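Below: one structure, written as structure tokens.
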Amino acid sequence: MLSIHFIRQNPEIVKQTIADKRVDLDLDALLALDREVVALKQQIEEMAAEVNRLSKSFGKVSKEDRPALIQRSKALGAEKKALQESLRVEEEALQAMLWRTPGIPAEDVPVGATDDDNVEIRRVGELPSFDFDIRDHVDLIELNDWGELSRVTEVSGSRTYALKGELARLEVAIHLMVLDMLAERGFGMITVPALAREDAFYGTGHFPGGREDAYHLPNDDLFLSGTAEIVLTSLHRGEILDEADLPILYAGYSPCFRREAGSAGRDVRGLMRVHQFTKVEQYVLCRDDPEESARWHGELLAGAEKVVELLELPYRVVECCTGEMGLGKHRMHDIEVWVPSAQTWRETHSCSSLHDWQARRADLRYRREDDRKVTHVHTLNNTGVATPRILVPLLENHQTEDGRVRLPEALVPYMGGKTHIGGAR
RNA sequence: GGAGAGGUGGCCGAGUGGUCGAAGGCGCCUGACUCGAAAUCAGGUGUAGGGCAACCCCCUACCGUGGGUUCGAAUCCCACCCUCUCCGCCA
């Protein structure tokens, strides 16, 4: 969310962003409402000041004069109360609009509407060439008895999965490999709950817009988060951190839940798009310094690229255009990995800079060392690795003619020295 | 789930209806002393919104959150959230 000061001072920039990001928000209505709220507040505050003055003089006036004083104060109080009710309504409406104010993208972010307007930054790795008919990941799983892909949906519904044997073990091995690599880069592992209250989802910006994509547990009024980012963002909510505490680097580890409400019929086969998955998340809180947060953005992107390189997967880095990047984001890069069965690139990592847009929502602040002023931090996040999705390109790119899968070198130690999996039956 | 205790500023902690944005201590900042430091002494030190050219000043709000009572609430009442102790249940 943007600060109201920024919006007042830069309405044209905000309007441009609303257009570029295809946000449904009437800025003129917002500004008009803001003016009303300010005027109403001033009126109420004047009344409050008068009531305070009267109350303070209460002890000083004679007994005879008190009834008049009380009467006046009561009358003012009643009037104030009526105004406060209208203020409450208007402030609520204003807040609802402020929740939908977009973060300002970096100047060089491509303007566009769909992923066709995303810009490919670079490609890394060779596309595999096979001299045999390849299998897709579902066929490989069935061939090697690595999961229950159809049976379990009878139990748990569509977009669920069960992994077995070497593949189940491989999932854990990948997590460990990535956590070790991130630890080396300074990211401390933290496990976080998938459960969170509504306000945590507002804090990241997932609500109100993404409400339909979160599972709700009405008995306890909790939601299941689709990313560790939800809880990590609210972890330091309301605190005033010391500048010396920053940056804070987390490798969040959590189960993630997504209703996939908007993706009916897409990717229903296999492990590409499921309701529950497990994710290692890179997360950064840093100083309110565009250069520093840009540097961290680079670090997070490099961390994710390192992961796909360790997995020996061909990938490309894409800079997301304004229409694709999400309400709060300042810059966003996706990593897309080659999926041979589909002959296309599929997103496995998403790297986002939010500047202070989330910090403002979640009330994440720190005290600057030089002038002792309190200001908002910057937040950034990127996938470390998400399973089972990453297994799709991993199995398919490294498959052999006999239906086994070669393991990337970096994974071998995590798999007890095995260089291949599969072929047992 | 049952019973009890409690939530106050960066931290600790006092405060049971007005003189309280809040004593005192710690921490931090500035100055004095010192070659320098420590110790000592003096002063300062919350956040947010509004007025204003202004980080001077003035007004308003905030003592877990939201309501209520009252001329007036950190203080009284209600609901909720969280923490701690004991019991129960439990991987």
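Order of the sequence lines fixes the chain letters, A, B, ..., with proteins taken first and strands second; residue numbering starts at 1 for each chain. Quantities reported herein were computed from a predicted structural model and do not represent experimental measurements.
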Under a 3.5 Å cut-off for both contacts, is [N] paired Watson-Crick or G-U wobble with anything, and if yes, with which nucleotide?
{"N": "B:C20", "value": "none"}
{"N": "B:A14", "value": "none"}
{"N": "B:A39", "value": "none"}
{"N": "B:C33", "value": "none"}
{"N": "B:U85", "value": "B:A3"}
{"N": "B:U70", "value": "none"}
{"N": "B:A48", "value": "B:U60"}

Classify A:Arg72 by what it touches in the nucleic acid, base, sugar-phosphate, or nothing, heavy-atom distance under 4.0 Å.
nothing
With sugar-phosphate meaning primed atoms plus P, OP1 and OP2, does A:Arg8 contact a base, only sugar-phosphate, or nothing at under 4.0 Å between heavy atoms?
sugar-phosphate
Consider ring pair (Phe, Tyr, Trp, His ring centres under 6.0 Å). Of A:His376, A:His330, A:His297, which one does A:His355 pass it with?
A:His330
Can you tell me which residue among A:Phe207, A:Tyr215, A:Phe257 is in a ring pair (Phe, Tyr, Trp, His ring centres under 6.0 Å) with A:Phe223?
A:Phe207
Specify the separation, in whole Å, of atom [atom1] of [X] and atom [atom2] of [N].
{"X": "A:Gln84", "N": "B:A61", "atom1": "CD", "atom2": "P", "result": "9 Å"}
{"X": "A:His5", "N": "B:G51", "atom1": "NE2", "atom2": "P", "result": "10 Å"}
{"X": "A:Ile7", "N": "B:G49", "atom1": "CD1", "atom2": "P", "result": "13 Å"}
{"X": "A:Lys373", "N": "B:C28", "atom1": "NZ", "atom2": "C1'", "result": "15 Å"}
{"X": "A:Gln42", "N": "B:C59", "atom1": "CD", "atom2": "P", "result": "16 Å"}
{"X": "A:Arg88", "N": "B:G49", "atom1": "CZ", "atom2": "P", "result": "22 Å"}
{"X": "A:Leu40", "N": "B:U60", "atom1": "CG", "atom2": "P", "result": "17 Å"}
{"X": "A:Tyr366", "N": "B:U47", "atom1": "OH", "atom2": "C1'", "result": "17 Å"}

Side chain to side chain donor-acceptor pair (under 3.5 Å), that's the test. Do A:Glu229 and A:Thr204 meet it? Break it down for me.
CA-CA 7 Å; A:Glu229 178 195 351; A:Thr204 53; 5.2 Å; no
Separation of the [atom1] atoms in [N] and [M], to the nearest angstrom:
{"N": "B:U69", "M": "B:C11", "atom1": "C1'", "answer": "35 Å"}
{"N": "B:C77", "M": "B:G18", "atom1": "P", "answer": "16 Å"}
{"N": "B:A14", "M": "B:U75", "atom1": "C1'", "answer": "13 Å"}
{"N": "B:G15", "M": "B:U70", "atom1": "P", "answer": "28 Å"}
{"N": "B:U47", "M": "B:G10", "atom1": "P", "answer": "8 Å"}
{"N": "B:C26", "M": "B:A42", "atom1": "P", "answer": "12 Å"}
{"N": "B:C59", "M": "B:A22", "atom1": "P", "answer": "12 Å"}
{"N": "B:G6", "M": "B:A61", "atom1": "C1'", "answer": "26 Å"}

Would you indicate, yes or no, if [N] has its OP1 or OP2 atom less than 4.0 angstrom from a side-chain nitrogen or oxygen of [X]?
{"X": "A:Lys74", "N": "B:C71", "answer": "yes"}
{"X": "A:Asn52", "N": "B:U60", "answer": "yes"}
{"X": "A:Arg367", "N": "B:U47", "answer": "yes"}
{"X": "A:Arg237", "N": "B:C82", "answer": "no"}
{"X": "A:Lys81", "N": "B:U69", "answer": "yes"}

[Y] backbone acceptor or donor facing [X] side chain under 3.5 Å:
{"X": "A:Arg365", "Y": "A:Val374", "value": "no"}
{"X": "A:Lys21", "Y": "A:Gly103", "value": "yes"}
{"X": "A:His206", "Y": "A:Asp213", "value": "no"}

Could you check A:Glu46 against A:Gly77 and say which one's nearest nucleotide on RNA chain B is further toward the 5' end?
A:Glu46
When the nearest nucleotide of RNA chain B is assigned to A:Arg197 and to A:Val374 on a heavy-atom basis, which residue is associated with the more 5' position?
A:Val374
Side chain A:Glu45 and base B:G49 donor-acceptor under 3.5 Å:
yes
Establish, for the pair A:Arg361 and A:Trp357, whether the NZ or CZ atom is under 6.0 angstrom from the six-membered ring centre and no further than 45 degrees off its axis.
yes
